[in-house]
Each structure stands twice: as C-alpha cells, then as structure tokens.
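What follows is one structure encoded as structure tokens, with my remarks underneath.
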Amino acid sequence: MISFVSAFVASVLVGASIVNATPSKEIWPNDPLIWYHGRWDQGYGSWWPGTGFKLHVENLDSLCLYLSPNTTSPSVNIGVSVNYGEYATVSVKAGQNVIPLSGISASTDSSHHSRPTSSVIRINVQAPQDNIYLEKLVLNPGARLLPYTPSKLSFQFIGDSLSSVRLSPAKPNRRAWPVKTSDYFKAEYSTTVQPGACLTDIVCWGVVHGLTYQFFKTEAPSYIDSVNHNYTTDWDFSRDYPPTHIFFQAGTNDNSFHVPEANATVAYDEFFSKLRRLYPSQPIFALGTWGWPQDDGSFVYFYEGVMEDVIAKKRADGDTNIFFVKTRGWVALDDVYSDRTHLNPQGSAKLAANLEEWLKNWGLEPQAKWPTSTC
Ligand SMILES: *[C@@H]1O[C@H](CO)[C@@H](O)[C@H](O)[C@H]1NC(C)=O
Ligand SMILES: *[C@@H]1O[C@H](CO)[C@@H](O)[C@H](O)[C@H]1NC(C)=O
Ligand SMILES: *[C@@H]1O[C@H](CO)[C@@H](O)[C@H](O)[C@H]1NC(C)=O
C-alpha cells in the first residue's frame with residue numbers, strides 16, 4: 001500500500017515536471033533548416049561581414065546562441081532582425097548568448113493560443129574581421145524550426161569600405177546601402193565586402209590581398225590575423241543560394257596606393273570576365289565613383305572613365321548584360337564623415353535610395369512580399 005502511494009506520487013511528479021520543463025530544443029549547426037548565407041568554413045565559422053543565417057521558427061519565445069571558443073575574442077557584434085524589421089546590434093562571445101527578440105509575441109500569450117505564430121530571425125556578423133563559430137542554437141520548449149523559403153531575388157555585393165558604413169561606431173554594417181537596397185527589393189543578399197581592400201592583389205591599408213584574389217576564397221583577408229585559421233581555401237560557389245544580380249564597387253584603394261590606370265584597367269577587365277564565367281546570365285551592375293566631396297562643394301574624382309571604358313568595351317564585344325551605374329551627384333558633403341571619404345548613415349541611405357531608383361528605371365521591381373510569411 002505504501003509503495004503503491006509513493007509510486008503514484010512519483011509518477012504525478014514526473015508528469016508535472018514534464019509539463020513544466022519540456023526540454024529545450026537544441027539545433028545543431030548541420031540542421032538543414034538553418035538557412036545559411038555568406039561564407040562559412042567547414043567548422044561552421046563565419047567569414048566576411050554580412051555572413052549569417054536565417055531561421056523560420058514556430059512558437060518562438062527564446063533563442064540562445066552557443067558559440068565555440070574559436071569565435072573572435074573578446075566579442076563580436078551581430079545584427080539581429082525579427083520578422084524582417086531593422087537590425088539591432090547584439091554583442092556575442094564564445095559560450096552561451098541569449099538573443100533578445102524584441103517584437104516577438106510570446107506563443108503562451110492567450111491571444112495566440114489558438115494558432116501557432118511563426119517568426120523569421122535574421123542574424124548577421126557585422127564587421128569584416130569577426131568570426132562566429134556556431135556550436136548550437138537552443139530554442140524554447142515548444143518551438144519548432146520550419147523551412148525558410150528564400151526570396152526569388154538574391155543580390156551579391158562585392159566591394160570595399162564604400163560598400164559598408166565602416167566608421168559608424170555603433171552600427172558598423174547594418175545600415176550599409178547594400179543591406180538597405182536588398183531589404184527594399186526584399187532580396188536575399190551576400191556582402192563580400194572588405195574595407196581597405198584594393199581590387200588588384202596587393203597589400204592595401206594592411207589588407208593582405210586584393211579582391212581579385214580574396215573574392216574567390218572562403219576566408220576574408222582577416223585570416224592572416226587568426227591563430228586558429230591562418231590560411232585560405234577556395235570558396236565553393238555552388239554553396240551560394242544563386243545570386244540573381246551582381247553589384248560591384250572597388251578601385252578606390254588602388255587609386256590611394258598609386259596603382260597605374262593601365263593596371264586598374266586590366267584588373268577591372270579580368271575581374272569582370274571572371275564574374276561573367278561564374279554568373280553567366282546575371283546582370284552585373286558596376287558602380288562608378290561618386291567622388292570625394294570637398295568643402296567648397298566640388299568633388300575629387302580618380303580613374304576617370306576607366307571602369308566606364310572597360311564596360312563599354314565588354315558591351316561592344318557582346319556582353320550587354322553588364323552595366324555602368326553612374327553615381328555622380330548621388331551624395332554630397334553632408335553625406336560623408338569628416339574624412340571626406342566614407343559614407344555616413346545618411347549618405348548610405350541616399351546612395352541606397354538613388355540605386356533603388358536606378359534599378360527600378362532599369363526594370364527591377366521589388367518583390368511584393370517575402371515568401372516566408374510570418375504572423
Ligand atoms: C599567419 O601566417 C603568416 C605567415 O603566413 C604570419 O606572418 C602571421 O603572423 C600569422 N598570423 C598569426 C596570427 O599567427
Ligand atoms: C578551433 O581551432 C582549432 C585550431 O586552433 C581547430 O583544431 C578546431 O577544429 C577549431 N574548432 C572549430 C569548431 O572550428
Ligand atoms: C602594373 O603592371 C605592371 C605590368 O604588369 C607591373 O609590372 C607593375 O608591378 C604593376 N604595378 C602595380 C602597382 O600593380
């Protein structure tokens with residue numbers, strides 16, 4: 001009799017503890033429902049700014065990100081966006097990180113009891129020198145990963161610091177024009193962008209390789225400063241969600257490092273040919289320089305006509321799917337930092353707005369909605 005009672009009590013307690021503490025959902029990095037973008041190495045380490053992943057989750061209340069010790073120390077800034085909203089900057093480090101999910105309505109909320117809610121979480125590394133190494137994700141009990149359906153549009157950006165908001169201390173990359181433009185068109189994006197990089201393969205501003213070399217590698221040039229991963233590997237382009245449109249902006253640093261015009265011409269020509277082999281049918285948009293705004297309202301330009309001429313020749317030779325995007329007049333003195341060079345957030349927004357108009361005139365329409373619906 002006594003043993004029967006205690007067995008009964010024990011089972012009730014076990015039952016209660018199951019109700020109150022359903023085990024959290026552990027998601028391992030090889031889970032096919034994690035939608036990775038950008039460049040990840042074989043150890044689930046991220047390279048290049050903007051690299052990250054998307055999750056489509058049912059009944060999401062909480063998200064913990066566990067990062068392995070090879071993650072850049074002491075911490076890495078990531079952008080976190082909930083349901084395609086603005087990115088918030090969150091500092092993460094090796095070990096457990098609780099990711100704040102502002103805007104998520106708790107699935108335990110009575111108003112949502114009758115139907116499950118689903119959320120899209122976007123997480124991106126912000127700075128080019130930072131790597132996160134993904135160990136696992138932990139979701140609240142009751143949460144469930146669903147497939148993420150990517151947009152039909154997918155933008156690939158290649159560039160230097162003029163494609164990032166490099167000097168903005170609080171929000172290094174999230175407000176950069178490539179991200180804004182992609183969000184405007186509801187496009188997936190990949191930003192293979194390296195501040196300081198030349199196009200030609202020489203050391204510029206301490207960046208060990210030019211984009212003509214590094215674009216074809218998994219690792220960003222910061223590999224040279226990594227004790228864990230001090231080497232490059234060829235990027236397997238078949239791992240990309242195929243881009244539909246290619247954006248290019250580079251050459252500024254070559255000018256600063258006195259690369260002759262003749263060399264820049266060859267570099268543009270060869271690089272565009274390589275891009276065309278990789279992306280046979282995609283439009284390539286090459287942004288010309290908008291110049292350095294001066295205090296007197298004038299602009300300083302460089303490599304005048306160089307990229308334009310290379311593109312004109314390619315078009316004359318039959319590749320009519322590459323376009324020179326003239327950006328002169330798009331930004332002015334109050335759109336750059338006091339270095340008279342780098343776009344401030346207002347300048348990045350202006351550049352994005354101008355590019356969006358240009359693309360619409362060219363014939364590209366924003367998607368009406370993201371295909372992964374959230375409610
Ligand atoms: C990486 O290797 C290069 C030589 O290839 C060396 O100069 C550099 O100091 C190394 N970096 C680190 C962080 O060990
Ligand atoms: C971390 O780096 C070491 C090399 O220092 C390597 O052996 C190990 O596999 C790396 N861990 C991950 C998760 O990539
Ligand atoms: C420019 O190209 C020439 C000829 O290929 C080469 O010898 C020279 O080193 C290059 N200069 C720079 C700065 O890249």
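All values reported here derive from a predicted model rather than from experimental measurement. All ligand and atom numbering here is 1-based and tracks the order in the structure.
Considering backbone and side-chain N/O of N70, one or more are found under 3.5 Å from N/O of ligand 2. Considering backbone and side-chain N/O atoms, N263 comes within less than 3.5 Å of an N/O atom of ligand 3.
A cation-pi geometry, defined here as NZ or CZ lying under 6.0 Å from the six-membered ring centre and within 45° of its normal, holds between K274 and F216.
Below 4.0 Å from some heavy atom of Y133 lie the following atoms of ligand 2, by number and element: 14 (O). The distance from ligand 2 to the heavy atoms of S68 drops below 4.0 Å at these ligand atoms: 13 (C).
Applying the ring-ring contact (aromatic ring centres under 6.0 Å, His included) rule to W28 yields no partners; only residues at least two apart in sequence or on another chain are considered. The ring-ring contact (aromatic ring centres under 6.0 Å, His included) check on F299 picks up nothing, with sequence neighbours excluded.
For the side chain to side chain contact (heavy atoms under 4.5 Å, CB included) test with V325, the passing option among F247, F248, F285, W362 is F285; the others fail. Just one of W47, Y213, Y223 meets the side-chain hydrogen bond (donor to acceptor under 3.5 Å, both in side chains) condition when paired with T232; it is Y213.
Within the 4.0 Å heavy-atom shell around ligand 2 one does not find G45.
Residue pairs satisfying the ring pair (Phe, Tyr, Trp, His ring centres under 6.0 Å) criterion with at least one member in residues 130-151, sequence neighbours excluded, are listed as follows: W35-Y148.
Side-chain contact annotation: N124 with Y189, donor-acceptor N/O pair under 3.5 Å present.
Looking only at side-chain heavy atoms (C-beta outward), V138 and L63 stay at 4.5 Å or farther from each other.
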Below 3.5 Å only, please: the N or O atoms of ligand 1 paired with protein N or O atoms, distance on each line.
from: ligand 1; atom 1: 2 (O); to: N230; atom 2: OD1; distance (Å): 3.3
from: ligand 1; atom 1: 2 (O); to: N230; atom 2: ND2; distance (Å): 2.3
from: ligand 1; atom 1: 11 (N); to: I224; atom 2: O; distance (Å): 2.8
from: ligand 1; atom 1: 11 (N); to: N230; atom 2: ND2; distance (Å): 3.0

